[in-house]
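Values in this document were obtained by computation on a predicted structure and should not be read as measured data. For reference, positions follow the sequence shown, starting with 1.
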Amino acid sequence: MMNKMTNDNIVEEALSQLNMKYRSVTYKKSLIYFVTTENGTIFDISIGENGKIRFWKFINPELLTEKARKGVEYRKTKNGKISGGLHVTKDGDFEVYVEQKMDLNDEMSGKILEKQIKIFAQFINGLDMGKVK
């Protein structure tokens, strides 16, 4: 079972600092947060008991150009700790994600997580506003 005082409180504090609304559920050995920003952008966060944090959003496939619908995928791993991608799922949805393994007991993890949430929300807000090429 996950340490409730560490894993979800750190996310909840970061979301509160950013004035984002959320609801959370436990699924298997992860906590999943369904997040809504002040301007209505929606995305999800999951925290696994191993410290793996994943941010993701499914984008309306109608926003994709024909070229993008044929299969956009980009994944990069840096130092084995963080990766991200843009890809078309087997169901035809366009998924944007970032994942990272983090020591949630580190005193800086809260500020780092808050910054990552803010950057991801700004990025996907831009995707929601126009065509993805």
Side-chain angles (χ1 to χ4, degrees):
M1 189 68 183
M2 290 189 294
N3 179 340
K4 191 150 180 74
M5 289 304 291
T6 302
N7 291 353
D8 62 344
N9 287 357
I10 196 169
V11 175
E12 291 170 10
E13 180 64 28
L15 293 171
S16 294
Q17 290 294 321
L18 295 167
N19 296 317
M20 294 183 183
K21 296 180 183 177
Y22 64 90
R23 62 186 172 87
S24 63
V25 297
T26 301
Y27 178 73
K28 296 186 180 180
K29 294 184 178 185
S30 296
L31 280 168
I32 300 176
Y33 290 85
F34 304 98
V35 181
T36 304
T37 66
E38 287 182 304
N39 67 356
T41 299
I42 298 170
F43 65 96
D44 306 309
I45 302 172
S46 70
I47 307 261
E49 70 178 352
N50 62 357
K52 185 176 179 181
I53 300 171
R54 180 178 172 95
F55 303 88
W56 79 95
K57 170 150 180 91
F58 292 107
I59 304 294
N60 181 347
E62 293 176 8
L63 292 177
L64 300 175
T65 62
E66 189 62 36
K67 180 180 176 184
R69 273 187 232 138
K70 289 182 180 175
V72 174
E73 186 157 19
Y74 175 76
R75 295 174 190 248
K76 181 172 175 99
T77 301
K78 183 178 180 182
N79 300 331
K81 293 184 178 181
I82 190 165
S83 65
L86 313 166
H87 69 104
V88 178
T89 67
K90 64 182 177 186
D91 296 325
D93 296 321
F94 185 66
E95 180 186 30
V96 178
Y97 75 93
V98 175
E99 40 186 53
Q100 176 176 0
K101 187 156 183 166
M102 179 182 283
D103 178 1
L104 298 174
N105 294 311
D106 183 288
E107 63 183 52
M108 293 301 296
S109 62
K111 287 294 179 190
I112 292 167
L113 185 61
E114 184 178 323
K115 185 176 180 180
Q116 290 173 334
I117 292 169
K118 183 177 181 180
I119 290 168
F120 188 76
Q122 290 171 338
F123 175 71
I124 61 170
N125 183 57
L127 291 178
D128 281 347
M129 301 305 277
K131 277 261 197 212
V132 178
K133 298 180 180 182

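- Side-chain atoms of I119 and V98, non-hydrogen and from C-beta on, never get closer than 4.5 Å to each other.
- To the nearest 0.5 angstrom, L104 atom CG is 11.5 Å from E49 atom CD.
- Rounding to the nearest 0.5 Å gives a distance of 10.0 Å between CG of L18 and CD of E13.
- Shortest non-hydrogen contact noted between G48 and S30 is CA-OG, 3.7 Å.
- Looking at residues two or more places apart in sequence or on another chain, you find a ring pair (Phe, Tyr, Trp, His ring centres under 6.0 Å) between Y22 and Y33.
- Under a hydrophobic clustering in which Ile, Leu, Val, Met, Phe, Trp and Tyr are joined whenever their side-chain heavy atoms come within less than 4.5 Å, directly or via other members, F34 and Y97 fall into the same cluster.
- Below 30°, between 30° and 60°, or above 60°: for F43 and F55 the angle between ring planes is between 30° and 60°, a tilted geometry.
- Counting only distance, with no hydrogens or angles, the side chain of K57 and the backbone of I42 share a donor-acceptor pair below 3.5 Å.
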Working for side-chain contact (heavy atoms from CB on, under 4.5 Å), residues F123 and V96: CA-CA 10 Å; F123 175 71; V96 178; 3.5 Å; yes
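- The distance from atom CD1 of I32 to atom CZ of R54, rounded to the nearest 0.5 Å, is 10.5 Å.
- We find the NZ-OG distance between K52 and S46 to be 7.5 Å, quoted to the nearest 0.5 Å.
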Determine, step by step, whether V11 and L31 satisfy the side-chain contact (heavy atoms from CB on, under 4.5 Å) criterion, reporting the C-alpha distance in whole Å, the side-chain angles of both residues, the deciding distance to 0.1 Å, and the verdict. CA-CA 10 Å; V11 175; L31 280 168; over 6 Å; no
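- Taking S109 as the reference, I10, M102, D106 meet the side chain to side chain contact (heavy atoms under 4.5 Å, CB included) condition, with sequence neighbours excluded.
- Qualifying side chain to side chain contact (heavy atoms under 4.5 Å, CB included) partners for K111, counting only residues two or more places apart in sequence or in other chains: E114.
- Of the inter-residue distances, the one linking K21 atom NZ with E38 atom CD reads 9.0 Å to the nearest 0.5 angstrom.
- Separation of atoms CD1 (I112) and CD1 (I53) is listed at 9.5 Å; rounding is to 0.5 Å.
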